[in-house]
Amino acid sequence: MVTPAVRTFSPRVVEGSSDAGTVAWTRAQLAAFLGPRLDAELLARIGVAFEGNRLRGAYADPDPTPVATLRSWDARLTVPGGDVPADAITGIGVRSTHRRRGLTDRLLSEDLGAAARAGAAAAVLTSTQGALYERWGFGLATHSRRLTVDTARARFRDAGPRGTLEVVDRPDAALALTRPLHDRARRRHPGALERLASQWDQLLVGAGPWNGLEPDRLRQVVVWRDDDGRPGGYVVLRVEESWYASGAGTLGVVDLQALTPTAYTELWRHLCSQDLIGTVTWSDASVDEPLPWLFTDPRAVVLGESRPMLWLRVLDVPALLGARRYPTEDALVLEVTDPLGHARGRWRLDTHDRLAPAVTTDAGEPDVRMPAPTLGSVVLGGVDPRVLVRANRLEERSAGAAARLARMLAAPSVAWNGTRF
Ligand SMILES: CC(C)(COP(=O)(O)OP(=O)(O)OC[C@H]1O[C@@H](n2cnc3c(N)ncnc32)[C@H](O)[C@@H]1OP(=O)(O)O)[C@@H](O)C(=O)NCCC(=O)NCCS
C-alpha cells in the first residue's frame, strides 16, 4: 500500500466560496466524524470559516480528498497574569478505512513541530477521546461543569433588578457588544482562548457544518448595562426544551460572561425569571461558579458532573513559564521528560522577582520530575501537583517540593475554557 503524502495549505476564499482543496478537506473531515454528507456548494461556504487557519491532510494520490485531516490556528491563551501565543488544534479525523496506520501521529507531530518553530508556547485542543492525546504530550488542564437551576426555587438574596437588559437581535450588533466583553473576561481565566471570527459566528448565530449552516433560530443574545449605560456582561441562550407540554421549559446557556458581580447576578436574575421556563442549564460553566451563593437556597442549583475540557501541550518551557505570574517567591528545578523533545530538560524556575520570573536550564538535581503531559496539566494552576504525586504522575525528588510547586503555580482564578472547538 502507498503511504499517503502529508500536505499543508491555507484555504483560499473567492467571492464567498472556498477553493476545491478546502472543499475536499472539509468533506473528509465531516466524514471522519460521522457528519452529514453535504454538496460541494455548501462545503465551499463552510470552508470560508477556515480562512487564515492551517489545513493539513494526508493524501493517497491521485485522490484529491484527504484520508486524514487536522486544522490549526494561532490563538492567544490566557495564563495566570498574562497570555501566550498558542497553537489551537481541532478537526483531527481519519477515514474509517485508514485508521491505526499512524496518520494522526504524522499530522499532529508535524503540526506541533511547525507551531514550536513558529514560536507558540503551547498547543491546545479539546477532545472527546480522553485516552488519545497524552502520547503527544498533552495534559488535561481545565474542566467544565454542568449547572442546573430550578427557577421555582431560585430566590435571589439581594434586591434587584439593577442596570438594564437588552435583547440584541442583529448578529453584527451582538458581536460588537459581546466580543469586547469576552476579550476582557477571558483574561481572568487561565485556559481561556481568544475566539476566531468564525467561532463567534457559530456561537451567536448557531450556524455550523453539522446543521448545514442553518441559523439556530432559538438562540438569543442578551446584554446587561450598568446605570451609566456601560455593557458589563452578556448571555447567549437558547430554548433547549419547549414549554409547550409542561408549561415549564428548559433554557440552555450557550455562553455567559460578566465583568462584575452585579452583571453576573442580573444576567442570572433575567434567566431565572422567564415566564414558561422551569429550568436553566449550563453545561460548560467553570468549576467554581458563584451561582449557588446568589440564592437564599443554594439547593436551587444542582452542580453536575465536571468534564475534561482543555488539553495543553507545552512547546516552549521558558516562554510559557516566563509569561505567567506567581504568588510566591521560591526557586525549584523541574525535570521534564518528553519523547517529542519540545519540553524536555531540567528547568530552574525562580520566582523571586515576581514581575520577571526566570526560567533557565539547570544541570543540578531536580526537585520534581514529571512527563510533559503533567507539566501541561499543572502549568495553568488548574490541577494541584500534589494530586498528581498521589497518582504517580509527578515525582517529588526533594522533601516538600510538590507543596512548594503547588503554592508557586496557584492561580488567582480557576482555570476555565468556555469555548468548545
Ligand atoms: C482517533 C483517530 C483520530 C486516531 O487516528 P489514527 O490515525 O488511527 O491514529 P494513529 O494510527 O496515528 O495512532 C497513534 C496512536 O494512538 C493510538 N490510538 C488511536 N486511536 C485511539 C483512541 N481512540 N484512543 C486511544 N488510543 C488511540 C494508536 O493505537 C496509536 O498508538 P501506538 O502508537 O501506541 O500504537 C481516528 O481513529 C479517528 O478519526 N476517529 C474518529 C474521529 C475522532 O474521534 N477524532 C478525534 C476526536 S478528539
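Here the structure is a predicted model, which is why all the values come from computation and not from measurement. Nothing fancy with the numbering, it's 1 onward along the sequence. Counting starts at 1 for both ligands and their atoms, following the listed order.
When side chains are defined from C-beta on, Pro85 counts as touching Arg76, because their heavy atoms get closer than 4.5 Å.
Tyr326 carries Arg324 over the face of its six-membered ring, with the cationic atom under 6.0 Å from the centre and within 45° of the normal.
Remark: Asp111 pairs with Arg54, Arg56, Leu70, Ser72, Asp87, Ile89 by the side chain to side chain contact (heavy atoms under 4.5 Å, CB included) rule, at least two apart or across chains. Under the side chain to side chain contact (heavy atoms under 4.5 Å, CB included) criterion, Asp316 pairs with Pro318, Ala319, not counting sequence neighbours. For Ser198, the side chain to side chain contact (heavy atoms under 4.5 Å, CB included) partners are Ala49, Leu196, not counting sequence neighbours.
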Hey, what polar pairs (N/O, under 3.5 Å) does ligand 1 make with protein?
unit_1	atom_1	unit_2	atom_2	d
ligand 1	5 (O)	Thr104	OG1	2.7
ligand 1	7 (O)	Thr104	N	3.1
ligand 1	7 (O)	Thr104	OG1	3.1
ligand 1	8 (O)	Arg100	N	2.6
ligand 1	8 (O)	Arg100	NH1	3.1
ligand 1	11 (O)	Arg101	N	3.2
ligand 1	11 (O)	Gly102	N	2.7
ligand 1	12 (O)	Thr104	N	3.3
ligand 1	12 (O)	Asp105	N	3.0
ligand 1	16 (O)	Arg135	NE	3.2
ligand 1	20 (N)	Arg100	NH1	3.1
ligand 1	20 (N)	Arg100	NH2	3.4
ligand 1	23 (N)	Gln129	OE1	3.0
ligand 1	26 (N)	Arg135	NH2	3.2
ligand 1	31 (O)	Arg135	NH1	2.8
ligand 1	34 (O)	Arg135	NH1	3.1
ligand 1	37 (O)	Arg100	NH1	3.0
ligand 1	39 (O)	Val94	N	2.7
ligand 1	44 (O)	Gln129	NE2	2.9
ligand 1	45 (N)	Ile92	O	2.9

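Ion pairing between a basic and an acidic side chain is recognised when a charged N comes within 4.0 Å of a carboxylate O; Arg386 and Asp384 show such pairing.
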